[in-house]
Protein chains: 2
Amino acid sequence: MGPVTDETAPRRGRPPVTSRAAILAAARRVVDAEGWDRLTLRRLAAELGVGTTTLYHHVRDREDLLLQLLDEHVERALGAVELPEDPRERILVALVAIHDALDDWPRAAEVLTVDGFLARVGGPALRMVEAVVGAAVDLGCTPEQAVSLFRASWFYTVGELLVRTRSRERSEAPERRAELFAEAFARPETPHLAAVGPRWPEIAGRDGYRAGLEALVDGTLLRLPAADG
Amino acid sequence: MGPVTDETAPRRGRPPVTSRAAILAAARRVVDAEGWDRLTLRRLAAELGVGTTTLYHHVRDREDLLLQLLDEHVERALGAVELPEDPRERILVALVAIHDALDDWPRAAEVLTVDGFLARVGGPALRMVEAVVGAAVDLGCTPEQAVSLFRASWFYTVGELLVRTRSRERSEAPERRAELFAEAFARPETPHLAAVGPRWPEIAGRDGYRAGLEALVDGTLLRLPAADG
DNA sequence: ACCTGAACACCGTTCAAGT
DNA sequence: ACCTGAACACCGTTCAAGT
């Protein structure tokens with residue numbers, strides 16, 4: 001991890017010109033002012049007034065920077081979430097909280113899908129995962145089933161976020177979108193799609209995240225042998 | 001779209017040195033021989049022995065190239081899929097077919113999430129979407145509910161593919177992964193995760209795509225008012 | 001009609017040489 | 001201990017000038 005900072009010991013060598021915290025703060029400034037596209041290591045170094053290569057003493061690489069940035073954001077967003085007693089509701093609240101925390105994170109794709117992502121996130125995020133797995137066990141799942149339920153919900157959540165945030169980033173005008181779908185669907189082989197036609201984008205625009213999640217959770221619980229006690 | 005090719009009319013001007021088909025074939029060669037990372041417009045032009053900028057006469061941009069490539073692949077993979085009569089089974093077969101067709105497509109993320117993706121794919125892929133929406137209507141969904149069911153399944157599918165293919169791309173050794181998860185989960189605040197500990201990667205490695213999809217579909221149908229006739 | 005090199009405006013990362 | 005410029009090995013895209 002970062003450089004050792006023992007305030008009592010006399011400092012040795014060249015003094016640091018930046019720090020992990022300063023880098024993350026600068027990254028947020030760049031993103032807020034100019035957008036995610038402009039968050040490059042070179043731009044970030046310029047923002048801090050340091051050499052680009054200096055950053056490599058504080059973050060491992062670009063992916064590591066993004067992960068740290070996401071972690072900080074998620075920690076802020078999830079720290080105060082209160083989890084209900086009822087297990088089914090606890091699953092839903094925890095996942096909706098994760099979903100909402102990631103919602104204004106358009107570059108999530110680059111980070112959410114890294115290998116072993118879950119082993120690299122911080123306490124508040126893990127607290128939500130624990131809530132889902134624990135609640136699933138309370139509802140009668142084996143630990144394996146509970147993990148599978150979390151993972152299925154995670155896939156659904158990641159997919160929803162990535163598809164929706166990408167669409168939001170650069171979408172055509174609503175009328176043009178309706179037109180494109182109407183054209184693409186107007187085939188004799190696809191009568192049901194043709195019937196929906198230009199209404200597809202409008203239906204797709206509705207917020208169905210929670211409803212889909214409930215279906216996934218209830219459908220999973222349905223498959224468990226009814227057990228109580 | 002591409003240049004006009006009317007074989008009967010006398011050709012005018014400088015003759016083409018390449019074509020859409022030749023570009024897609026060359027792209028496949030590059031991917032198969034050197035991997036997705038090496039599929040750049042510059043590398044592709046070199047493979048074809050043409051100037052890089054020549055490609056811009058046949059594809060709109062990089063995204064367009066990727067979309068055409070995916071479309072060709074999906075068309076091959078989905079063309080012969082037979083769909084069963086039973087509506088619930090039809091939904092599952094269609095989505096599993098889409099899933100499997102995209103499974104060996106590690107760069108799917110860049111393409112699957114483009115705005116209006118569905119309005120840009122070809123016939124065989126749309127046939128699968130029609131199968132899902134049509135079957136959902138057969139099961140008692142309104143067109144709106146059918147579209148929502150397809151979209152929820154699509155999110156789940158995209159998420160599963162992206163998370164899994166990324167993990168596959170560059171993952172640590174199994175023992176190291178188990179160790180990382182064990183360490184990350186070993187906290188008093190996360191007792192259920194701690195109990196699973198090093199077994200997480202193994203559980204995550206099991207193929208649960210179809211099981212999760214069934215749960216999502218059944219859970220959705222559960223929410224419909226029981227209707228027959 | 002179609003092709004092209006040069007140029008523009010960038011990337012992430014490594015390395016040897018500072019201070 | 002920490003910082004740095006230079007260099008490496010690339011990108012996608014535009015444009016004016018060919019043939």
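So you know, we letter chains A, B, ... as the sequences are listed, proteins then strands, and number each from 1. Every heavy atom of this structure was used, including side-chain atoms; hydrogens, water molecules and symmetry mates were not.
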Expressed as a whole number of angstroms, how long is the span from [X]:[atom1] to [N]:[atom2]?
| X | N | atom1 | atom2 | answer |
| --- | --- | --- | --- | --- |
| A/Leu44 | C/dC10 | CG | C1' | 16 Å |
| A/Leu66 | C/dC11 | CG | P | 14 Å |
| A/Asp61 | C/dT13 | CG | P | 5 Å |
| A/Leu55 | C/dT13 | CG | C1' | 12 Å |
| A/Asp37 | D/dG12 | CG | P | 15 Å |
| B/Arg43 | D/dA9 | CZ | C1' | 15 Å |
| A/Arg20 | D/dC2 | CZ | P | 16 Å |
| B/Arg14 | D/dT19 | CZ | P | 8 Å |

Main-chain N/O of [Y] paired with [X] side-chain donor or acceptor, under 3.5 Å:
| X | Y | result |
| --- | --- | --- |
| B/Arg127 | B/Val81 | yes |
| A/Glu72 | A/Leu24 | no |
| A/Thr54 | A/Val50 | no |

Among the nucleotides [options], which one has an atom lying closest to any side-chain atom of [X]?
| X | options | answer |
| --- | --- | --- |
| B/Thr40 | C/dC3, D/dT4, D/dC11 | D/dC11 |
| B/Pro16 | C/dC3, C/dT13, D/dC3 | C/dC3 |
| B/Arg62 | D/dT13, D/dC3, C/dC11 | D/dT13 |
| B/Val17 | D/dT4, C/dT4, D/dT13 | C/dT4 |

*Using a cut-off of strictly less than 4.0 Å, decide whether A/Arg38 has a side-chain nitrogen or oxygen near OP1 or OP2 of C/dC10.*
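Answer is yes, contact under 4.0 Å.
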*Hey, which of these two, A/Arg42 or B/Tyr56, hits DNA chain D nearer its 5' end, going by closest nucleotide?*
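With A/Arg42 and B/Tyr56 compared, the 5'-side residue is A/Arg42.
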_Looking at D/dA7, which nucleotide sits across from it as a Watson-Crick or G-U wobble partner, both distances under 3.5 angstrom, or is there none?_
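D/dA7 is paired with C/dT13.
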*According to the Watson-Crick and G-U wobble definitions, with both distances under 3.5 Å, which nucleotide is paired to C/dA1?*
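Matched C/dA1 with D/dT19 under the 3.5 Å cut-off.
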*Kindly indicate whether the side chain of B/Leu95, heavy atoms from C-beta on, has any atom under 4.5 Å from the side chain of B/Tyr209.*
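Of all side-chain heavy-atom pairs linking B/Tyr209 with B/Leu95, at least one is under 4.5 Å.
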*Does a side-chain heavy-atom distance below 4.5 Å link B/Arg199 with A/Glu144?*
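Yes - at least one pair of side-chain heavy atoms lies under 4.5 Å apart.
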_Can you check the distance between C/dC15 and D/dC2, where both ends of the measurement are the C1' atom (answer in whole Å)?_
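The answer is 15 Å between these two C1' atoms.
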*Kindly state which residues belonging to residues 22-33 of chain B come within less than 4.0 angstrom of DNA chain C, counting heavy atoms of the residue only, listed by number.*
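Residues of residues 22-33 of chain B under 4.0 Å from DNA chain C: none.
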*For the pair B/Phe155 and A/Phe155, evaluate ring-ring contact (aromatic ring centres under 6.0 Å, His included) and give the outcome as yes or no after the intermediate values.*
CA-CA 7 Å; B/Phe155 297 152; A/Phe155 297 152; over 10 Å; no
_Using every non-hydrogen atom in the two residues, find where B/Tyr156 and B/Leu216 come nearest and quote the distance to one decimal._
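It is CB-CD2, 4.1 Å.
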*No-H, no-angle donor-acceptor pair, B/Thr53 side chain to C/dG5 base, under 3.5 Å*: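 Indeed, a donor on one side and an acceptor on the other fall under 3.5 Å apart.
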_Nearest-0.5 Å distance, CG of residue A/Asp61 to CG of residue A/Leu55_ =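 Rounded to the nearest 0.5 Å, the CG-CG separation comes out at 12.0 Å.
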*Looking at every strand, decide which applies to A/Thr18 at a 4.0 Å heavy-atom threshold: base, sugar-phosphate, or nothing.*
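The answer is sugar-phosphate, as A/Thr18 gets under 4.0 Å only of primed atoms, P, OP1 or OP2.
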